[in-house]
Protein chains: 2
Amino acid sequence: MLYVDRLTGVKWYVGGMQETGRERTRREEYTEATRQALLAAGQNAFASEGYQAAGIEAISRAARVTRGAFYHHFEDKKALFDAAVVALQIEAAAKIEARAKTQRKVWDRLTEGIEAYLDVCLEPAYARIVIQEAPAVLGNARYREIEEAHPMALLTATLAALKRQGELDFEDIELLSRMVDAMICEMALLLPGAENPKRLRARGQKIIGNLLGTFRTG
Amino acid sequence: MLYVDRLTGVKWYVGGMQETGRERTRREEYTEATRQALLAAGQNAFASEGYQAAGIEAISRAARVTRGAFYHHFEDKKALFDAAVVALQIEAAAKIEARAKTQRKVWDRLTEGIEAYLDVCLEPAYARIVIQEAPAVLGNARYREIEEAHPMALLTATLAALKRQGELDFEDIELLSRMVDAMICEMALLLPGAENPKRLRARGQKIIGNLLGTFRTG
DNA sequence: CATATAACATACATATGGTATGTGAAAAAC
DNA sequence: GTTTTTCACATACCATATGTATGTTATATG
């Protein structure tokens with residue numbers, strides 16, 4: 001979460017934060033807690049009702065504050081949604097990285113990471129908020145900005161590593177990464193409605209595997 | 001199916017209209033014309049401002065009627081958007097089919113169709129309304145229903161034909177079709193922001209070609 | 001010709017997002 | 001320690017947009 005030092009105007013994040021030496025006051029903790037409550041309430045509402053149907057009034061009530069408090073913490077409704085997407089993407093990237101790290105060889109890391117990514121995409125909240133609604137609500141530019149910074153960065157980095165090691169050959173790693181991303185998201189939206197999800201998933205992975213295979217060298 | 005009266009220039013649709021053998025009255029023609037005007041105004045508004053920002057008042061004014069007329073023709077705002085998506089998808093399917101038909105061999109039809117699909121996806125109105133916003137506005141289920149009935153049906157049919165001819169080998173044609181579809185849409189959202197669109201497009205097509213190549217037999 | 005109906009227009013009800021202002025407690029300044 | 005300021009909220013208000021209920025007129029129909 002973002003903090004702003006009143007004295008220095010310095011901003012910093014908790015999560016990937018640097019210690020600035022200055023101590024946190026109790027009040028700051030409370031503030032952060034209500035902000036978190038609003039964000040959590042927002043995620044719930046957006047996930048279950050969708051962006052448009054989710055009302056700020058209801059979200060605020062769920063966080064046990066008034067709409068006044070909401071507008072103190074967030075610029076507007078879109079800002080809350082943006083924050084929700086960022087939080088989900090950071091979470092997603094962490095989960096994927098953790099799973100990928102269980103493998104030694106880079107190529108195995110890739111396939112494990114893709115597995116993990118698909119698992120994340122299958123979580124209903126993620127599917128609805130990030131995949132289904134975020135592009136429309138935030139606009140493509142902003143959506144891609146967030147996506148590139150978090151979950152896709154891992155994929156791109158892994159593909160780049162493979163290329164450096166000479167195990168993969170393609171000019172535009174970024175593009176290849178996006179294509180794989182698109183296929184994974186497609187799978188995520190397809191699987192919940194399938195009559196045989198296990199089989200469908202296996203087939204989907206085969207397709208993705210085939211594609212990557214065509215660029216594999218050695 | 002759209003008909004245009006060569007004498008009057010009036011357009012109308014046959015589809016929901018019962019074939020009564022009865023002649024079309026002038027009044028019915030007028031009615032259909034205003035409906036068309038509303039639909040066109042809606043497409044413009046949705047394409048330039050997005051679903052949420054586009055107001056029914058403005059759309060109605062652009063069609064030179066009041067909001068009362070709008071609500072006479074459409075259930076609600078979503079219904080207009082739905083109609084706009086359907087119309088765009090029907091149009092898209094027609095364009096793709098026309099282009100694909102220029103080729104003799106089925107495999108060439110496939111690649112030509114993919115080319116044509118990408119071209120359609122690059123039209124700003126289509127990209128914004130169908131690709132970017134429709135899933136969020138209509139919900140995934142409805143979105144896929146429309147997509148499957150129109151542009152994707154062609155892709156699936158072509159892939160199925162190739163499979164029948166023994167030129168393609170994969171168990172789930174529908175899935176493969178969806179994957180290709182996902183990649184094309186991804187390309188469409190990627191290209192407008194690219195510094196070298198021509199090169200990017202070529203690379204994207206190479207990726208899609210590679211994927212299909214892995215299932216090619218003979 | 002009378003009646004019904006359909007294609008609109010008008011007026012209204014209501015919800016929701018956003019803003020402007022008020023308040024009390026806590027931190028900073030002196 | 002007292003004063004002053006700040007900040008995290010609450011209250012009240014406003015604007016806008018969706019949707020509905022009702023009214024009106026022209027056309028089709030018996």
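Values below: all heavy atoms of this structure, side chains included; hydrogens, waters and symmetry mates excluded. So that the names make sense, note that chain A is the first sequence line, chain B the second, and so on, each numbered from 1.
- If you take CE on A:M179 and CD1 on A:I184, they are separated by 13.5 Å, rounding to the nearest 0.5 Å.
- Straight-line distance from the CD atom of A:Q52 to the P atom of C:dG17: 8 Å, rounded to whole Å.
- Rounded to an integer number of Å, the gap from B:Q36 CD to C:dA7 P is 15 Å.
- The residues A:R109 and A:E112 are annotated as not salt-bridged, no charged nitrogen and carboxylate oxygen being separated by less than 4.0 angstrom.
- Distance, A:F81 CZ to C:dG17 P: 14 Å, rounded to whole Å.
- Partners of A:L191 under the side chain to side chain contact (heavy atoms under 4.5 Å, CB included) rule, at least two apart in sequence or in another chain, are A:L118, A:L122, A:M187, A:P197, A:L200, A:R201.
- Computed from coordinates, the B:E32 CD to C:dC8 P distance equals 11 Å when rounded to whole Å.
- Going from atom NZ of B:K77 over to atom P of D:dT20 covers 15 Å, rounded to whole Å.
- Look at A:E171 and A:K163 and you find no salt bridge, because none of the NZ, NE, NH1 or NH2 atoms lies under 4.0 Å from a carboxylate O.
- Within a heavy-atom distance below 4.0 Å of DNA chain C, the residues of residues 66-73 of chain B found are B:T66, B:G68, B:A69, B:H72, B:H73.
- For A:K95 and A:E123, the salt-bridge test passes: some basic side-chain N is under 4.0 Å from an acidic carboxylate O.
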Check against side-chain hydrogen bond (donor to acceptor under 3.5 Å, both in side chains), B:E91 and B:Y126: CA-CA 10 Å; B:E91 245 183 84; B:Y126 188 90; over 6 Å; no
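- In this structure, A:Q52 places its CD atom where only 12 or fewer heavy-atom neighbours from other residues, nucleotides or ligands lie under 6.0 Å away.
- Of the N and O atoms on the side chains of A:Y117 and A:D181, at least one donor lies less than 3.5 Å from an acceptor on the other residue.
- Atoms CZ (A:F74) and P (C:dT19) sit 16 Å apart, rounded to a whole Å.
- If you take CD of B:E75 and P of D:dT18, they are 15 Å apart, rounded to a whole angstrom.
- Ion pairing between A:D172 and B:R199 fails under the 4.0 Å rule for side-chain N and carboxylate O.
- For D:dA8, the OP1/OP2 oxygens have no side-chain nitrogen or oxygen of A:T34 closer than 4.0 Å.
- Within residues 55-65 of chain B, the residues having any heavy atom closer than 4.0 Å to DNA chain C are, in order of number, B:V65.
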